Amino acid sequence: MGDHPDSVTVSLPLDSEGFLRRECPTCEREFKWSHSPEGEGVPASDSGYFCPYCAVQSQPGSWFTKAQAEYITAAGAHEFLGPALEDMRRSFEGINRPDSMIKVSLKTSVPDTPEPLSEDDDMRQVEFECHPTEPVKVLDGWERNVHCLICGEPASGAAG
Ligand SMILES: [Zn+2]
Ligand SMILES: [Zn+2]
């Protein structure tokens with residue numbers, strides 16, 4: 001019996017103010033949202049969060065940046081695939097007895113642990129009157145409306 005983890009915990013870095021980098025699945029622009037501890041923070045509506053740039057809604061699990069998605073895949077492969085491959089290799093070795101007509105060989109290689117991601121203190125913070133506990137950070141060059149993650153309302157005082 002193998003000792004497989006049921007789930008893999010991968011932690012993503014926050015910037016010094018506790019913001020997590022995100023990427024909109026619709027417009028593919030990066031922003032950051034304020035990362036609240038589990039159960040605190042304002043929950044997303046059934047249709048998910050609003051993109052601060054294009055205001056298109058997506059489910060909470062769909063905002064990973066490409067770097068985060070790669071990191072999670074690599075870390076998950078290391079944690080999860082490693083023990084599974086080792087089990088498989090052992091069971092194949094059991095088949096390869098000298099009198100056996102069956103010869104099976106399996107090369108296994110456990111993926112390396114990926115380099116941890118880092119997070120810079122870039123981008124410009126925007127607060128919302130409608131949801132003051134859910135600020136975002138947007139690209140410095142963004143001069144159009146910035147929409148609230150929770151309700152999609154544009155922040156007041158935005159240029160343009
Ligand atoms: Zn977007
Ligand atoms: Zn709001």
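Bear in mind that the values here come from a model prediction, so they are computed numbers and not experimental data.
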*Can you tell me how far CH2 of Trp63 sits from CD of Glu23, rounded to the nearest 0.5 angstrom?*
10.0 Å
*asked:* Would you compute the distance between atom SG of Cys148 and atom CD of Glu153 and round it to the nearest 0.5 angstrom?
replied: 8.0 Å
*Can a donor-acceptor pair be found between the side chains of Glu119 and Ser16 at a distance below 3.5 Å?*
no
_Just verifying a value: how many Å separate Glu115 CD and Tyr71 OH, rounded to the nearest 0.5 Å?_
9.0 Å
*Examine Phe19 and Met123 and state if one hydrophobic cluster contains both, with Ile, Leu, Val, Met, Phe, Trp and Tyr joined whenever side-chain heavy atoms are less than 4.5 Å apart.*
no
*Using the six-membered ring wherever Trp is involved, compare the ring planes of Tyr49 and Trp33 and label them parallel, tilted or perpendicular (cut-offs 30° and 60°).*
tilted
_Chi angles and distances behind the side-chain contact (heavy atoms from CB on, under 4.5 Å) call for Arg21, Asp122_ = CA-CA 10 Å; Arg21 185 176 292 268; Asp122 57 352; 2.9 Å; yes
*Spacing of CZ belonging to Phe31 relative to CG belonging to Leu149, to within rounding of 0.5 Å*: 5.5 Å
*Are Cys27 and Cys51 close enough, and set up right, to give a side-chain contact (heavy atoms from CB on, under 4.5 Å), and what steps lead you there?*
CA-CA 8 Å; Cys27 67; Cys51 172; 3.8 Å; yes
*Going by atom types alone, do Gln125 and Glu127 pair a side-chain donor with an acceptor below 3.5 Å?*
yes
_side-chain contact (heavy atoms from CB on, under 4.5 Å) assessment of Tyr53 paired with Val138_ = CA-CA 8 Å; Tyr53 302 113; Val138 296; 3.6 Å; yes
*When rounded to the nearest 0.5 angstrom, what distance separates OG in Ser47 from CZ in Phe50?*
7.0 Å
*asked:* If you count every heavy atom of other residues, nucleotides or ligands that lies below 6.0 Å from Asp121 atom CG, does the total exceed 12?
replied: yes
*Considering only heavy atoms from C-beta outward, does the side chain of Ser58 approach that of Thr26 to under 4.5 Å?*
yes
*Least distance between heavy atoms, Arg22 atom then Thr65 atom*: C-CG2, 3.6 Å
*Hey, does the side chain of Gln57 reach the backbone of Asp46 with a donor-acceptor pair shorter than 3.5 angstrom?*
no
*asked:* Please give me the minimum heavy-atom distance between Pro114 and Ala75, naming the atom from each residue.
replied: CG-N, 3.6 Å
_Side chain Arg124, main chain Trp142, donor-acceptor under 3.5 Å_ = yes
*How about Thr133 and Glu40: do any of their side-chain heavy atoms sit closer than 4.5 Å?*
no
*Which pair of non-hydrogen atoms, one from Pro83 and one from Glu79, has the smallest distance, and what is that distance?*
CD-O, 3.3 Å
*Taking it one step at a time, do Cys130 and Ile150 satisfy side-chain contact (heavy atoms from CB on, under 4.5 Å)?*
CA-CA 9 Å; Cys130 54; Ile150 309 297; over 6 Å; no
*Rounded to the nearest 0.5 Å, how far apart are NZ of Lys32 and CG of Leu139?*
10.0 Å
_Minimum heavy-atom separation for Pro13 and Leu117, please, with both atom names._
CG-O, 3.5 Å
_For Ala44 versus Pro60, what's the shortest heavy-atom pair and its separation?_
CB-CG, 4.1 Å
*Smallest separation among heavy atoms of His147 and Pro154, with atom names*: ND1-N, 4.0 Å
*Test Lys137 against Asp15 for salt bridge (Lys or Arg N to Asp or Glu O under 4.0 Å), laying out the working first.*
CA-CA 11 Å; Lys137 288 188 181 180; Asp15 72 13; 2.9 Å; yes
*Between the main-chain N or O of Val42 and the side-chain N or O of Glu134, is there a donor-acceptor pair closer than 3.5 Å?*
yes
